[in-house]
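First the structure, in the form of structure tokens, and then the observations on it.
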Amino acid sequence: MRVHGTPYRTLWMEGGVVRMIDQTRLPFEFVVVDCQTHHETAAAVREMVVRGAPALGAAGAFAMAQGFAEAPSVAPWPYARDARALIAATRPTARDLFAGIEHVWSAAEASPHAPADAALAAALAFAEASVESCRMLGEHGAALIPSGARVLTHCNAGWLATVDHGSALAPVFAAAGQGRPPFVWVDETRPRGQGARLTAWELSNEELPHAVIADNAAAHYMSRGEVDLVIVGADRIAANGDVVNKVGTLAKAVCAREFGIPFYVAAPPSTFDAATANGASVEIEERGWEEVHYQTGPDEAGAMHRIRVTSPGSPARNPAFDATPARLVTGYVTDRGVLTLDQLRAAAAGTDSARAAAGATGA
Ligand code: MRU
């Protein structure tokens, strides 16, 4: 992505340090933070300095490489095992985090005389492959977006949710690059506001037409014929095609079906989980109540404030994700093309050449 004319990835590794754009401070401040150790990278994942499933894949891979680099060279495995457990315990839902960790771990195991070198090479390769998958799925998904289309998206599945290019927004950026800039409806995405803060910031950066809407406004625009297609990302796609994504995705899928609007899910291979049968089997992260009770932002003079937005004393609940049944998904936008549910199920069963697109990395 370009920020003030300079190209950036969401996160990258430089001399053993993991560097990332601090997503907790966007859109009000653009800051790059450095994580020197696997402990610091894991903390950044836990605190959502970096977030979004494909970006978490790279973060997990980089953190695991840091763990191997820090481990005593005579007996690296106990230290590396502890590092793996710590990184894996940061966030439970996105499959990509575990795909990144496992990819690096396997490479180190296969190279017992130089596990740290193998881990670093594997982590860098994992991130590069993720970038290329997102670029490719953007190219395939762009064909779904006709001239003048109005696309609705939920949460942030743009550049910032990936190492680069985005997942749900990759087709939007690719279509714009082909001279067909769509209009994007941006769901605010309470409680953390990834749509209002991050997706809107990315689209503004690219000067693409868009409007932020309250989460509960999407059905209204769908019912009036003002949404042509929905594209969302995913945190985990189960073997039966069920899609676990940011909470609120399910409601959009139900509405899209009601009003006859195509509903697409875009994801790189690391998000597909052939080992999990269905969406109901996926652990849904339950986050702190304070995210529902409080909002943070600048006043007109630019001073940041944290304010309460719910009735004092009321309890809250805060599931971070929900599961959308496969029957509501029109197609899966992958780096191998746009797959139907049948193609996806064949891939999960290992009976189809699309297997690599739908589970080989994520399995
Ligand atoms: O909690 P987050 O911000 O890490 O969740 C991210 C999402 O759920 C996004 O909607 C996205 O589709 C998955 S990442 C491309």
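Whatever order the structure lists ligands and atoms in, that order sets their numbers, starting from 1. Just so we're clear, the structure is a prediction, and the values are computed from it rather than from any experiment. Count residues from 1 along the sequence.
Atom numbering of ligand 1 starts at 1 in the shown order; those under 4.0 Å from a heavy atom of M48 are 1 (O), 2 (P), 3 (O). Listed by number with element, the atoms of ligand 1 under 4.0 angstrom from any heavy atom of G233 are 12 (O). Heavy-atom contacts of N156 reach the following atoms of ligand 1: 9 (C), 11 (C) (cutoff under 4.0 Å). Of all atoms in ligand 1, numbered sequentially from 1 with element shown, those under 4.0 Å from a heavy atom of S167 are 15 (C). Applying the 4.0 Å criterion to heavy atoms of A161 picks out, from ligand 1, the atoms 14 (S), 15 (C). Close contacts between ligand 1 and R91 involve ligand atoms 1 (O), 2 (P), 4 (O) [criterion: under 4.0 Å to a heavy atom]. Atom numbering of ligand 1 starts at 1 in the shown order; those under 4.0 Å from a heavy atom of P54 are 14 (S), 15 (C). Below 4.0 Å from some heavy atom of Q194 lie the following atoms of ligand 1, by number and element: 1 (O), 2 (P), 3 (O).
Regarding atom 6 (C) of ligand 1, its nearest protein heavy-atom neighbour is R51 NH2, 3.5 Å. Nearest protein heavy-atom contact of atom 14 (S) of ligand 1 is A53 N, 3.0 Å.
No more than 12 heavy atoms of other residues, nucleotides or ligands lie within 6.0 Å of CZ in R317, so this atom counts as exposed by the packing criterion. The local environment of CZ in R327 is sparse, with at most 12 non-hydrogen atoms from other residues, nucleotides or ligands closer than 6.0 Å.
Using a distance-only test at 3.5 Å, with no hydrogens or angles considered, a donor-acceptor pair links the side chain of E286 to the main chain of N318.
No hydrogens or angles considered: a donor-acceptor pair under 3.5 Å links the side chains of T41 and Q66. Donor-acceptor pairing under 3.5 Å is lacking for the side chains of D187 and T189.
Among N245, T162, D235, L198, the residue whose heavy atom lies nearest to atom 10 (O) of ligand 1 is N245.
Between V184 and the choices V212, L208, I231, V172, the side-chain contact (heavy atoms from CB on, under 4.5 Å) rule is met once, by V172.
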H140 and Y264: ring-ring contact (aromatic ring centres under 6.0 Å, His included), yes or no, with the steps?
CA-CA 12 Å; H140 293 303; Y264 291 101; over 10 Å; no
Side chain to side chain donor-acceptor pair (under 3.5 Å), that's the test. Do R51 and N156 meet it? Break it down for me.
CA-CA 9 Å; R51 35 66 51 202; N156 171 263; 2.9 Å; yes
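Contact analysis leaves A320 out of contact with ligand 1, as no non-hydrogen atom separation drops below 4.0 angstrom. The shortest separation from a heavy atom of R192 to ligand 1 is not under 4.0 Å, leaving the residue out of contact.
Centroid-to-centroid, the aromatic rings of W105 and F68 come within less than 6.0 Å.
Of all the heavy atoms of K246, the ones lying under 4.0 Å from any atom of ligand 1 are found in both the backbone and the side chain.
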